[in-house]
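Down below is the structure, laid out as structure tokens.
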Amino acid sequence: MPLIRPAAPVTLDAVDLRVLHMPLVSPFTTSFGTETVREVIIVTAETPDGRGWGEVVTQSEPSYSSEYTQGAWDVLTRFLAPALLARRTVAPEEVAGALHHVVGHRMAKAGLELAVIDAALRAENRSVGEYLGAEKDRVPSGVSVGIQSDPRALVAAVGGYLDEGYVRIKIKIKPGRDIAETDAVRSAFPEIPLQVDANSAYTLADADTLAQLDRFGLLLIEQPLQEDDIVDHAALAQQLKTPICLDESITSVKAARDALALGATTVINVKAGRVGGYLEALRIADLCESAGIPVWCGGMLETGIGRAANAALAAHPAFTLPGDVSASARFYTEDIVTEPAVLEDGHVRVPTGPGLGVEVDLDALERFTVARETLRR
Ligand code: SMG
Ligand code: MG
């Protein structure tokens with residue numbers, strides 16, 4: 001059975017690219033550093049029937065992955081956008097093939113693909129939820145909590161998010177900031193669904209330390225080792241009771257298949273940007289659903305554009321664990337859409353309007369823009 005009902009091709013007149021700098025409500029610290037401003041690329045696909053919006057989820061530095069904003073900007077302006085514009089028309093399902101000759105750069109490709117998906121679906125009056133196979137009108141919302149100054153501050157931060165209604169907590173860990181932190185949160189909140197994310201900060205030599213996490217009844221540990229440590233993750237899995245969930249390592253459906261075959265992961269974090277787009281994300285979800293592997297939707301501090309698409313993806317039946325699909329206010333005091341995602345009873349609503357189902361606030365977009373380039377056919 002095909003994964004989706006295809007959308008009609010759109011005529012691409014222009015691709016507009018902007019770099020935005022959006023201040024975060026509070027600093028976000030992970031094992032690889034602290035962010036205070038989200039640097040993101042917003043893509044507009046301009047067609048005779050209207051615009052479509054996409055988001056490139058790179059960060060300013062190549063720390064979560066090898067991709068970063070200036071690199072994405074370069075490949076988008078010199079290679080990817082020109083390749084799409086060279087075609088008279090393009091359907092969403094053709095974008096990945098049209099960009100296949102460029103190796104890697106999946107986040108950049110995913111942002112372009114999302115803009116084409118949005119333009120095509122708006123023209124057909126179809127929602128991205130319907131397109132991606134969403135079967136829920138709202139999704140449970142988990143929150144990702146950065147490394148804090150000490151365990152007490154972490155417990156206070158987690159308590160605040162629980163008061164807001166988040167249904168699952170994920171805390172970031174790194175060597176030296178792991179066992180005491182997790183212990184403090186678990187002691188303060190014995191019953192909550194809790195998971196940890198190491199963002200590649202450990203090596204297999206740390207297996208004994210990581211095994212100490214087993215006593216906290218975690219849902220999973222996310223990406224303990226490096227992106228290409230697939231065999232080491234499989235070895236680590238033998239030494240832990242806590243399920244391993246790969247994030248950074250899963251760059252494609254093939255990578256997912258390989259990691260599962262090797263026993264490197266038993267849960268998968270699906271992020272459209274990391275895998276080159278929402279259609280590849282769906283292929284991974286489909287693979288996991290067939291294999292009985294739980295998946296959940298990861299987050300990259302998306303603006304209201306990517307957040308709408310993530311809510312739709314997370315409403316697909318393969319997504320059986322709460323995702324990092326939080327309210328916009330978790331990261332931003334001001335978003336670039338007119339109706340930012342809010343938390344309602346621990347859930348975020350799946351937009352139902354045409355395309356992404358959100359309208360871009362053009363004034364806000366303009367105010368956050370620090371660079372812009374329009375490429376035409
Ligand atoms: O959007 O809620 C969000 C962020 C979730 O922690 C989050 N993302 O490794 O899963 C992850 C990180 C990647 C971005 S942090 C630099
Ligand atoms: Mg992660």
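Computed from heavy atoms alone, side chains included, the values below leave out hydrogens, waters and symmetry copies. Both ligands and their constituent atoms are indexed starting at 1 by order of listing. If you read the sequence from its start, that first residue is 1, and numbering goes on from there.
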task = Give the atoms of ligand 1, by number and element, whose distance to some non-hydrogen atom of D197 is under 4.0 Å.
result = 9 (O), 10 (O), 11 (C)

note = D247 heavy atoms within 4.0 Å reach ligand 1 at atoms 9 (O), 10 (O), 11 (C)

query = Considering all heavy atoms of both residues, which atom of W53 and which atom of L356 are nearest to each other, and what is their separation?
reply = O-CD1, 3.5 Å

query = Is it true that Q223 lies under 4.0 Å from ligand 1, counting heavy atoms only?
reply = no

Are any of the N or O atoms of [X] closer than 3.5 Å to those of ligand 1?
{"X": "G299", "result": "yes"}
{"X": "L301", "result": "yes"}
{"X": "E248", "result": "no"}
{"X": "K170", "result": "yes"}
{"X": "R307", "result": "no"}
{"X": "K172", "result": "yes"}

inquiry  = As a quick check of understanding, evaluate side-chain contact (heavy atoms from CB on, under 4.5 Å) for Q59 and R38, giving each step before the final call.
reply    = CA-CA 7 Å; Q59 296 175 289; R38 180 75 177 105; 3.5 Å; yes

query = Relative to the Mg ion (ligand 2), how many protein N, O or S atoms have a separation of less than 2.8 Å?
reply = 3

query = Is the closest side-chain donor-acceptor distance between S290 and D286 under 3.5 Å?
reply = no

request  = Give a yes-or-no answer on whether the side chains of S249 and Q223 include a donor-acceptor pair shorter than 3.5 Å.
outcome  = yes

query = In terms of side-chain geometry, is the basic nitrogen of D247 or R274 positioned less than 4.0 Å from the acidic oxygen of its partner?
reply = yes

request  = Would you mind checking if E344 and R349 are paired as a salt bridge, meaning a charged N to carboxylate O distance below 4.0 Å?
outcome  = yes

query = What pairs of residues pass the side chain to side chain donor-acceptor pair (under 3.5 Å) test when at least one of them lies in residues 317-328, not counting sequence neighbours?
reply = R168-D324, K170-D324, R307-S326, S328-D335

inquiry  = Show every side chain to side chain donor-acceptor pair (under 3.5 Å) that has at least one partner inside residues 362-373, sequence neighbours left out.
reply    = D16-R372, R18-E366, R18-T369, E334-R367

request  = Starting at CG of D118, measure out to CD1 of I305 and round the result to the nearest 0.5 Å.
outcome  = 8.0 Å

Donor-acceptor contact present, side-chain H233 to main-chain D229, <3.5 Å = yes

message = Heavy-atom distances under 4.0 Å decide this one: backbone, side chain, both or neither, for K271 against ligand 1?
response = side chain

task = Mind checking whether V143 contacts ligand 1 via backbone (N, CA, C, O), side chain (CB onward), both or neither, at a 4.0 Å heavy-atom cut-off?
result = neither

Pair up each side-chain donor or acceptor in residues 84-92 with any protein partner under 3.5 Å, not counting sequence neighbours, and list the distances.
{"from": "R87", "atom 1": "NE", "to": "T89", "atom 2": "O", "distance (Å)": "3.3"}
{"from": "R87", "atom 1": "NH2", "to": "E94", "atom 2": "OE1", "distance (Å)": "3.1"}

